[in-house]
S.K.: 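Here you go, one structure.
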Amino acid sequence: MKSVAERAPTGRSKCRACGKAIARGDLRFGELVPNSFGEGETTLWYHPTCAACSRPECARAALDVSAEPIAEREWLEGTIAHGLAHPRVQRLARAERSVSGRAHCRRCKETIALGAWRIALHIFEEWRFAPLGYVHASCAAPYFETSEVAPRLARLCPDLSVEDVAEIDALVRSAPSDAPGLAKTTGGEPEPEAKQKNR
């Protein structure tokens, strides 16, 4: 994988994972991929935090080629290692309150009640992120095969309060310790799943 790490020369590039602009002068990680519209390659840009959470292979390669000290290198390296060990956690996009009560949880298949905490998922394919539906916060641990999701949520969702993150963390950890999936610790690729549109 070809990756780069540099300071953004302008504020026009957007992070492919979160969709938000990367401010001028901020560190950004780039992933060189085949150009879908012609010959050669194009670069997909990410905030370092977003890359570590959603594209750990890219983030690890970018850290290796970075020519400057990175203040949060230890956190980034830990997040990258955790994501590679638990591939499904790379799908975590954000946490939010259910706005409709119609979406179904990808793990238990039940509806997610209006106002309940849910975790939105996305998947990287064909050089872009696509929405993959939701899971209940209480279904997150067996779905991701790890209960360590709060640190990611705190970074990926800065609008969440400390209390929100603590509440979600408690729900995540409420899954029974023998829930299917929690005993798995393999670092292999997640099995293919049919896409589910956001509802």
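Values reported hereafter were calculated over all heavy atoms of this structure, with side chains retained and with hydrogens, waters and symmetry mates removed. Since this is a predicted model, take the numbers as computed values, not measurements.
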S.K.: Any chance you could measure R28, atom CZ, to T43, atom OG1, to the nearest 0.5 Å?
M.R.: 8.0 Å
S.K.: Is any side-chain heavy atom of S98 less than 4.5 Å from a side-chain heavy atom of R118?
M.R.: yes
S.K.: Using a strict 4.0 Å threshold on nitrogen-to-oxygen distance, state whether E126 and R128 make a salt bridge.
M.R.: no
S.K.: Once salt bridge (charged side-chain N to carboxylate O under 4.0 Å, His left out) is applied, do any residues pair with E41, and if so which ones, sequence neighbours excluded?
M.R.: K2
S.K.: Is the side chain of H47 donor-acceptor paired with the backbone N or O of L27 at a distance under 3.5 Å, no angle test?
M.R.: no
S.K.: Which residue pairs pass the salt bridge (charged side-chain N to carboxylate O under 4.0 Å, His left out) test with at least one member in residues 151-160, sequence neighbours excluded?
M.R.: E72-R155
S.K.: Between R91 and E125, does any side-chain N to carboxylate O distance fall below 4.0 Å?
M.R.: no
S.K.: Are any side-chain N or O atoms of R97 and backbone N or O atoms of G115, one a donor and one an acceptor, separated by less than 3.5 Å?
M.R.: yes
S.K.: Within 45 degrees of the ring normal and closer than 6.0 Å to the centroid, is that where the cationic atom of R55 sits relative to Y46?
M.R.: no
S.K.: With a 4.5 Å cut-off on side-chain heavy atoms, are H136 and C105 touching?
M.R.: yes
S.K.: Can we say R7 and E68 salt-bridge, meaning some charged N sits less than 4.0 Å from an Asp/Glu carboxylate O?
M.R.: yes
S.K.: So, is the end of the R107 side chain (NZ or CZ) under 6.0 Å from the ring centre of Y143 and within 45° of the ring's axis?
M.R.: no
S.K.: Look at D64 together with R60 and state whether they make a salt bridge at an N to O cut-off of under 4.0 Å.
M.R.: no
S.K.: Short question: side chain of S66, backbone of L63 - any donor-acceptor pair under 3.5 Å?
M.R.: no
S.K.: If only atom types and distance count, is the side chain of D169 paired as donor or acceptor with the main-chain N or O of A166 below 3.5 Å?
M.R.: no
S.K.: Do the ring centers of F124 and F129 come within less than 6.0 Å of each other?
M.R.: yes
S.K.: Give, for atom CH2 of W45 and atom SG of C58, the distance between the pair rounded to the nearest 0.5 Å.
M.R.: 9.5 Å
S.K.: What's the separation between atom CG in L92 and atom SG in C157, rounded to the nearest 0.5 Å?
M.R.: 7.0 Å
